[in-house]
Amino acid sequence: VIRRLARIWDAVPLIGRLLVVTSTALLVAGVAIVLTAARQAAVEIRTDLRAELDANLAAFPDALAETVVIGDFAVLQQLLNRYAGYQWVLAVSYRDASGVVLQSAAAPANDQVPGWFLGLFDFPAVEGHAPVSVGGRHYGDIHLTMTPRALALRAWHHLRGHIAILLLAILVDFFGIWLVLRNSLGPLKQLEDAALSMKTAGRPDVRLEPGGSPELRRVIESFNDMVHSMRLVQTAVRDSEERLSYVLGAIGEGTWDWNIADDRVIHNEQWARLLGFENAPQLHSIAFLADLIHPDDRSLVMARLDQALSATSQYRSEHRLVTDDGRTIWVLDRARIVERDADGKPRRMVGSVADITTRKLGEAEMADQRRRLADIIAGTNAGTWEWNSQTGEVIVNERWAEMIGYELEELRPVSFDSASRLIHPDDQKRSLEALQRHSSGEGPYYECEFRMRHKAGHWVWVLSRGQVASRAAGGEPMLVSGTHLDISDRKKFERALVEAKIASESANIAKSEFLARMSHEIRTPMNGILGMAQLLLAGKVSDADTRDYARTILNSGTTLLALLNDILDLSKIEAGELELERKAFAPAQLLHDARSLFLELARSKNVRISAAWSGAEGLRYEGDPYRLAQMLSNLVGNAVKFTAQGEVRIAGREVGRRADGAELEFTVSDTGIGIPADRLPLLFKPFAQADGSIAREYGGTGLGLSITRNLANAMAGDIEVESELGKGSRFRLRVGVGLVAAVPEGRQGIAGAAPGEWMLPAISTRTGRVLVVDDNLTNCIVVRAMATRMGLEVAEVHDGQKAVDAVMAGEGFDVVLMDIQMPLLDGYGATCKIRQWEQENARPRTPIVALTADAYDADRARAMDSGMDDFLPKPLKMQDLQSLFARWIPAGPREATTPDQLVSGGPDPMTVP
Amino acid sequence: MRGRSFPLWALAGALWLLPGGSWGETLSFGVLSQRSAVLTARYWNPILDYVRQKTGIELSLKVTRTTPESNHAIERGEYDFVYSNTIFQPKMAKSNYQVILRPREHAITGQLVTLVDSPVRSILELDGREVGFPSPAAFVGYAVPMDHLLRQGIAVKPVYGGNQEGIMGQLKAGRVVAAGVNNQVMKAFAAREGIEYRVLWESAPYENLPIAAHPRVARTTAAAVQAAIDGMDLDPAGLQVLEASAKVIGLKPPYGFRAATQDDYRNYIEFYKRALVKDFQ
């Protein structure tokens with residue numbers, strides 16, 4: 001039944017529903033009100049009736065008292081009759097004390113009150129009685145019966161009236177609703193029709209005339225506004241879609257729309273174009289999309305998609321897709337869930353795909369460049385800086401700070417001012433000016449070298465380079481960026497280089513001059529040697545001339561040798577290899593020897609030469625007499641050389657004594673040309689004669705004084721000079737020497753320093769065989785000549801192997817003179833073989849003497865190590881050769897000549913075969 | 001009335017035979033209508049009840065609606081006992097009521113009064129004006145003052161209030177400028193109603209209303225009633241009844257009655273002989 005009623009209700013139009021509902025409501029409310037009112041009235045009536053009865057019983061006796069007292073019963077009856085006519089009174093009676101009864105009853109009621117109404121609301125009659133007494137006398141009793149009929153009638157009339165009003169209200173309600181709705185539904189129908197027509201036409205282009213109630217007019221106006229807004233929105237949407245389509249087309253973004261529940265994906269044309277589809281399916285599943293993802297990215301992308309679906313976050317992914325034609329492209333895929341079901345589960349997702357391949361490649365390249373740049377910067381070990389001139393802020397990297405010993409954090413924040421304060425005060429102005437010059441547009445970049453204070457306190461040289469990176473509209477620099485390079489090492493090197501260059505340049509000049517002088521020094525004696533040799537070879541030379549020529553050759557050779565020795569000494573001194581001997585010597589003897597050495601030369605120039613020792617004649621000290629003699633001979637040689645006339649004085653004395661030694665002073669004074677004052681400081685420097693021209697005039701290597709000073713220094717002494725131009729010079733040499741307790745007799749005389757040394761000794765002749773091994777034929781001739789002169793038989797070979805062969809041939813040489821540097825087998829190798837052969841064949845040991853121009857001690861040691869027995873440096877001195885033979889060959893009959901004979905041109909000249 | 005309540009009469013007769021119920025007869029006691037019947041009843045019923053208790057004589061109060069009715073009944077001799085001063089009127093002479101008791105209070109006077117704020121200061125000013133009176137039957141309220149006015153030649157238009165209370169009410173309400181009144185009734189009224197009044201004229205004193213007995217009442221009965229009422233104020237119970245009744249109508253002491261004779265009311269008789277007022281009822 002209920003369902004049926006519901007069906008009927010569903011079919012009832014709005015107006016009907018309203019009528020039914022309101023009428024029912026009114027009826028129910030009305031009936032309830034009426035019944036409640038009637039019931040309440042009944043209650044009130046009963047109460048009122050009782051009160052009325054009580055009131056009447058209280059008042060009625062008094063009202064009757066007068067009549068009762070008078071005893072006028074006729075009047076009393078009239079009163080009762082009149083009282084019985086009162087609407088509520090049903091009956092009234094008076095019973096006299098004497099038994100007289102008077103009564104009266106109401107007329108029968110002619111009312112229309114239905115019995116059910118009385119029954120329903122219960123209206124009973126009430127009765128009561130009251131005595132009539134006056135002045136203590138009881139006259140009689142009043143009986144009163146009252147009925148509510150009149151009240152009930154009134155209540156009934158009220159009820160009927162109320163029901164009538166209720167029915168009228170329902171009727172009015174009926175008509176009112178019907179009228180209102182009929183008025184209102186018309187416009188609503190219009191709205192419905194309009195909406196339907198809009199739906200059919202698909203265009204919001206309807207406009208309705210407002211009518212009906214104010215609310216409806218507002219609804220219609222709102223509808224019109226809504227239609228207008230929809231039209232605007234539709235236009236905007238169309239424009240927007242058009243624009244979006246253009247934009248998507250222009251930026252090449254594809255779109256996709258995924259119905260998740262059905263797993264259907266729709267995409268636009270651009271999407272298909274992006275993925276290179278000629279004929280892509282318009283509709284496909286998400287799996288189709290997944291297949292397009294590059295296999296390496298697929299799981300990541302699907303994970304991102306799952307996350308977006310499960311969370312509320314948006315989906316955004318950059319990944320690779322493989323297009324239909326096999327290309328790999330980078331895309332930016334963005335999507336959003338646009339619909340969810342009631343449970344919040346995603347139902348629809350819309351996304352866009354943009355081709356970002358170019359950007360990705362660019363990014364990769366950019367990253368590569370950035371990394372490269374970072375590597376390069378790291379590789380250059382440069383600090384970087386960027387100065388914002390607007391804020392004064394300076395951004396620097398760690399290397400910048402590290403360069404001056406700081407952690408970056410210690411310096412932060414770095415400002416232009418704080419950075420400037422780190423710059424050396426002397427460099428600040430310069431660096432600022434350089435920066436300002438560049439800022440004002442001068443030069444393509446800013447560059448400045450300045451010092452910055454290191455945290456440790458020292459200064460660090462920095463090369464700062466930079467460039468204005470951006471300028472304001474007015475041209476003022478906004479950003480300046482650049483680098484710092486630590487150039488402290490470079491600066492140090494530069495300084496060293498400059499110093500070295502200066503040193504090298506001066507050394508070069510000196511050496512050039514030296515070489516020029518050497519050339520001159522060598523050429524001069526060579527000229528003598530070669531010239532004389534040519535004259536001798538030309539033949540027809542008298543013996544006297546022959547001796548002159550030979551002496552000239554000897555002197556020239558001696559000069560060359562002295563030159564070589566000086567150079568050797570200097571090189572030793574400079575190499576710190578100078579070694580001094582300690583032997584006992586007599587200074588008087590040294591002075592005498594020095595004078596003797598130059599006596600002949602001085603005499604030839606008519607220069608007097610004297611030597612004087614201020615002390616005991618035989619007084620001896622300990623020192624290196626050879627080097628002292630060399631020093632003196634240098635000084636005396638110079639004095640004689642630069643003195644044209646007058647004298648040369650040599651003097652010596654002890655000027656001081658200590659516990660362990662004494663200081664000796666030697667002075668060499670001359671009356672020569674003197675030395676200009678400005679040249680004096682250069683006098684003792686190597687390769688620096690007081691005047692280059694002097695060498696040309698006077699010869700000399702210019703090394704002598706330098707060697708002399710070095711030797712004096714080595715002997716804890718020094719040398720100084722006083723000179724007056726044109727009047728002469730005075731050299732004063734001081735050296736420290738030891739005191740002699742008892743030392744063996746030192747070698748007397750000066751080896752190789754004076755021409756006298758080369759005088760031929762008294763030659764003692766021997767018998768024996770000598771093997772000369774030398775690849776230089778000249779040397780072979782010299783040795784053969786000298787040995788033959790000493791009575792020895794000479795054989796010669798020209799390389800080591802031949803020497804070995806000769807010895808192993810068993811020719812029985814008494815001594816082998818072995819050159820060192822030879823082709824095929826050198827002297828050391830040959831000696832080794834010979835010694836090996838001797839040892840293997842149990843032969844007696846043949847003395848082998850090294851004969852070499854390698855005159856250093858190291859060469860001597862090596863010769864000994866290779867098995868040689870003695871060592872003789874070239875050029876050979878005849879006397880030395882004779883001593884050597886004396887050591888290794890048993891002596892024969894003596895046939896001696898004196899050195900004087902040789903020097904003074906004796907009849908037994910040294911011959912060179 | 002008697003016929004209709006026959007069974008009660010039979011009962012009354014039986015009661016009369018009983019010891020203590022002396023005479024067993026109900027005698028009527030008429031009261032001149034001066035006040036409302038109810039007030040009259042409230043005053044007299046307790047006194048009559050006292051008399052019954054003292055004497056066994058049953059007195060039934062009889063009240064008429066108006067004074068003329070009372071006078072009419074007195075004229076016909078309907079009441080066994082009567083409380084009225086109209087018995088001295090010439091026309092009442094044949095009923096021959098005889099005074100047995102007079103009130104203990106002072107003799108009453110007739111007065112012409114106005115309210116104290118009335119402009120009227122003299123009876124002369126009443127000439128030609130309406131003056132209130134209780135009724136043409138009122139002796140000191142009408143006959144005496146009217147007789148005086150007539151003798152003074154002052155013509156007033158009499159307005160009747162029905163009884164003393166009525167005309168005093170009209171005076172109080174200002175319906176009449178002056179009224180003829182019994183001085184005691186007026187005094188009691190003024191005290192009760194709280195009004196002040198001015199006495200324009202006052203008559204010589206007359207004893208107030210007497211209680212008289214009809215000649216048919218047995219002499220012993222009349223004497224018993226006379227004795228019961230005469231000693232009532234001396235009996236505490238009687239005094240209590242008198243005081244309660246006096247309070248009902250506002251009477252001041254002395255309460256009660258004293259035995260009296262016809263001679264105590266001679267001046268009434270004299271007045272009626274020479275009275276100028278003719279309409280006096």
Side-chain angles (χ1 to χ4, degrees), chain A residues 52-86 89 91-105 128-146, chain B residues 1-12 15 26 28-33 35-53 58-67 69-70 72-73 78-79 162-163 165-166 237 240-249:
Chain A
E52 191 70 19
L53 180 70
D54 291 344
N56 277 286
L57 286 175
F60 204 29
D62 289 344
L64 296 182
E66 188 87 7
T67 311
V68 168
V69 167
I70 292 166
D72 190 345
F73 291 111
V75 172
L76 193 59
Q77 186 63 56
Q78 282 176 5
L79 284 174
L80 293 181
N81 288 347
R82 200 159 72 199
Y83 195 70
Y86 184 57
V89 176
V92 63
S93 64
Y94 175 73
R95 183 183 296 273
D96 189 71
S98 56
V100 178
V101 174
L102 295 175
Q103 57 185 6
S104 184
H129 60 91
V132 181
S133 296
V134 182
R137 173 72 59 98
H138 177 245
Y139 288 88
D141 291 292
I142 294 289
H143 283 262
L144 186 58
T145 305
M146 297 186 82
Chain B
M1 186 181 181
R2 279 180 194 161
R4 271 192 296 183
S5 47
F6 175 70
L8 284 176
W9 278 109
L11 184 63
L15 284 170
T26 299
S28 60
F29 188 93
V31 175
L32 181 69
S33 176
R35 305 183 176 87
S36 75
V38 171
L39 273 180
T40 304
R42 287 176 62 192
Y43 181 85
W44 281 109
N45 275 338
I47 295 170
L48 299 185
D49 197 42
Y50 175 82
V51 171
R52 181 186 55 81
Q53 287 169 16
E58 187 78 31
L59 293 176
S60 175
L61 183 66
K62 297 296 176 188
V63 188
T64 59
R65 208 170 298 278
T66 62
T67 303
E69 280 179 279
S70 297
H72 191 63
E78 285 180 6
Y79 307 133
N163 54 37
E165 291 284 336
Q240 200 174 354
V241 170
L242 286 172
E243 284 174 348
S245 289
K247 199 175 283 179
V248 172
I249 55 171

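By convention in this document, chain letters (A, B, ...) are assigned in the order of the sequence lines, proteins followed by strands, and residues within each chain are numbered from 1.
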Subject >> When B:Pro46, B:Ala244, B:Ala37, B:Ala41 are compared by non-hydrogen pairs under 4.5 Å with chain A, the top option >> reply: B:Ala37

Original post:
In terms of heavy-atom proximity below 4.5 Å to chain B, should A:Val75 be classed as side chain, backbone, both, or neither?
Top reply: side chain

Subject >> Residue pair A:Val134 / B:Val38: nearest heavy atoms and the distance that separates them >> reply: CG1-O, 3.5 Å

Subject >> Greater than 12 external heavy atoms within 6.0 Å of A:Arg95's CZ >> reply: no

Subject >> B:His72, NE2: over 12 other non-hydrogen atoms inside 6.0 angstrom >> reply: no

Subject >> Check: B:Asn45 and A:Tyr139 side chains under 4.5 Å, non-hydrogen atoms >> reply: yes

**OP:** Ignoring hydrogens and angles, tell me if any N or O in the side chain of B:Asp49 forms a donor-acceptor pair with the backbone of A:Arg137 under 3.5 Å.
**Re:** no

Subject >> Spacing of A:Glu66 atom CD and B:Leu39 atom CG [to the nearest 0.5 Å] >> reply: 8.0 Å

Original post:
CD of B:Gln53: more than 12 outside heavy atoms within 6.0 angstrom?
Top reply: yes

**OP:** Any chance you could measure B:Glu69, atom CD, to A:Ile70, atom CD1, to the nearest 0.5 Å?
**Re:** 7.5 Å

Subject >> A:His129 NE2: over 12 foreign heavy atoms closer than 6.0 Å >> reply: no

